[in-house]
Amino acid sequence: MANIAIQRIKREFKEVIKSDEAQKCAINVELVGDDYRELKGEIAGPPDTPYEGATFHLEIKVPETYPFNPPKVKFVTKIWHPNISSVTGAICLDILKDQWAAAMTLRTVLLSLQALLAAAEPDDPQDAVVARQFKENHPLFLQTAQYWSHVHAGAPRGNSDFANKVRCLMDLGVGEQQALVALSSCNWDMDRAIEQLFS
Amino acid sequence: MALFGFGSSQAAVSNELEVYVRTNTGEKVSVRLDQSWTVSQIKTTLAPKLQSPADNLRIIFAGKELPDDMVMRQCDLGNHSILHAVRVVSKEDEGKGAAGPSEVENVASSSNTQEDGVGGTEVTQTEKEDGRLQEVEVPSTSSGHTDAEVDLRSKAASPPLPEDPCLMPGPSTSNRSCGRLLCDASTVITIQMTEAEQKSIRDLKSYDGMGERPHFYVYCVVPCNSVQVGKLRVRCASCKQGALTLHRDPCNWEDVLQPGKINATCETPDCSGTQAEFFFKCRGHETSGEDDTSVALYLVRANLPAVPCLACTDVSSPVVVFECADAHVMCLDCFVTYCVSRLNERQFIQDERLGYTLSCPIGCQDSLIREVHHFKLMGDNNYERYQRWGTEEAVLAAGGVLCPYPGCGQGIIPDQDCRRVACLNGCGYVFCRLCLQGYHIGECNPEDGNGPNVIGNSGSFAVDPSRAAGSRWDEATSLAIRVTTKPCPKCRTPTERDGGCMHMVCTRASCGFHWCWVCQTEWTRECMAAHWFG
């Protein structure tokens, strides 16, 4: 990797570690391997959101041409959010694409992603299924997002109703995540979820 | 008139100074002087050494002739500064001197030798109305060695302000009209700097003679082929001779870079030029003559305020300072990486006025680089690519097409409504303007994919056998492109998707079309809702 990229990432790495946010455990980065090509990011779910109490892991890949090109970031932890793919964890955030500027850093990226969790943009581009639920059945969206945070990201509050439904589907031989996706996208309607899974 | 506004506030460290004195015949003597001396005392000291009567000597420093009653302390001389002594042509020779061009030539050549010897002195010959020859020095910045012509460090320490009398044009109180020319790098540079920057330099610089100094930087193509410290010089815009007097001093880059900003009187016989033309020479090599000029890199500056690079955050010097309101700073290495990475992705911006260029990496408004020689920093190969792609973008911007034949790429500006385009001055390929495939009758077939499809184009043109052999290799490439890419629905640039969502933004800087990878049409809300992530 080009020297500039390494040098820069090293500094940004320290910047994150030493930041106030890291002290409060709101963001964190870790090295993957001994070069700085790939990093593991961590953001805490912001308070007063369905992601509160959860920790989300991110995969951060630093391109050779960093910082002139944005880092490639995606969610490793499964998340139910209108701006993040529930399947692949891909993020459609402008600063990670054409609005990237060389002055941005790992810290600003992590904080932007945290802000995205706090303020989903229903009128901006969004994942089809999650978006529809976000707009048409907001309370259910909040519950679903919270349940995903509980299952995948260690948030304390579970949901016994949802847990039971998932277990029912698992008894039919469906994988846990598959069951969760099906139920979540069918607004937790068992019949529709079964239809979707077995048709 | 206060000729030297600078330096008066400085306390002298020591009263004793050793300075060098150069004459217009190339002699160099060293003189120890006391700061309390006047110029006439120096002349008296010099006279025996130069074997010339004191009355016939004129002392020039920093582009101004020093009047006899001036005290050296006022001049802000540094140790090992160089003064210039000019032997005045004596009265009886005056007429001859004015009439005889050979003498002018003679003196001019001696001054050239002198300049080369010193390596950094800028010398302009000015023939005065009364026939005497006045040597006027245009100081450039010095590179830190002790025989500095003009001590810019101390000048930067108390930079002349624009309202300073030494920069103001005005009638001279002396009928010898001394101090007509002051083209001083430090003046131009310090005026560009903000007060805070100037202050930080004052804080940084002490009298130890160490540290960075303001410089002009140029790109020297031959022979250095690198960024070099430059020397500012001036000549008549009409006859290109150096013998002219400026009506006012340049005080910013615009004065220097834009022709016709500064009026001057050309002193060359038979030339009625009225405009000064500034140019730059490289300091890295010995000048090979009048035409040996270099292009000023006006964004490259000495990093006196020690601003860290925005990309690597190191502090280095010189740096590139962009023209945006925030004046973002980037070190030269990062600047090169930035340019090359943008170039590799063809992300340069095609600007109507400026051509193929880049903005500040933060994307600030009004920060496009106006002097393309800055891109020379990328190295010869990249610069060549830059030039080729710049030309291509210009052709496309003018409504032209590029010949799609592999290895050709000839720019063609066809008639408005002609779909059949022949690459006449290039390879001879005949192609359809719309799909960029071999020319065909009827509708374009989108399934043909991208790239030229030579096979199956039944002999509407003659193929050079060697080209045909070459194109077999390219066929594999075009197949790979066809398989892995989809064309931008607007400009048909083959685009590869390597992850992320289906929302594509055309990578060609002049296109930037938002499109959907699935629908291959413009990106819409429906695409977001239906298959944003596939």
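Note on naming: letters A, B, ... go to the chains in the order of the sequence lines (proteins, then strands), and numbering restarts at 1 for each one.
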If you take all heavy atoms of B:Ile362 and A:Ala101, which pair is closest and at what distance? O-CB, 3.9 Å

Tell me whether the count of non-hydrogen atoms from other residues, nucleotides or ligands lying under 6.0 Å of CD in B:Gln520 goes above 12. yes

So for atom CG, which belongs to B:Asp380, do other residues, nucleotides or ligands contribute more than 12 heavy atoms lying within a distance under 6.0 Å? no

Within this structure, what is the CD-OG1 distance for the pair A:Glu12 and B:Thr313, rounded to the nearest 0.5 Å? 8.5 Å

Considering residues at least two apart in sequence or located in another chain, which fulfil the salt bridge (charged side-chain N to carboxylate O under 4.0 Å, His left out) criterion with B:Lys376? none

Relative to chain B, which segment of A:Lys74 carries a heavy atom at a distance below 4.5 Å: side chain, backbone, both, or neither? neither

Atom pairs and distances, side-chain donor-acceptor, residues 154-162 of chain A, under 3.5 Å, sequence neighbours left out:
from     : atom 1 : to       : atom 2 : distance (Å)
A:Asn159 : OD1    : A:Asp161 : N      : 3.1
A:Asn159 : OD1    : A:Phe162 : N      : 3.1

Counting only heavy atoms from other residues, nucleotides and ligands, does the tally under 6.0 Å from CD of B:Glu384 exceed 12? no

Under the side chain to side chain contact (heavy atoms under 4.5 Å, CB included) criterion, do A:Thr65 and B:Arg342 qualify, and how do the steps go? CA-CA 9 Å; A:Thr65 50; B:Arg342 294 289 98 169; over 6 Å; no

Ion pair present between A:Arg11 and B:Asp314, side-chain N to carboxylate O less than 4.0 angstrom? yes

Does some side-chain heavy atom of A:Phe68 sit less than 4.5 Å from a side-chain heavy atom of B:Cys334? yes

Under 6.0 Å from the CG atom of A:Asp171, do we count more than 12 heavy atoms belonging to anything else shown? yes

Is it the case that the side chain of A:Arg8 and the backbone of B:Cys312 share a donor-acceptor pair, with hydrogens and angles ignored and the cut-off at 3.5 Å? no

Rounded to the nearest 0.5 Å, what separation is found between the OG1 atom of B:Thr337 and the CD atom of A:Glu64? 11.0 Å

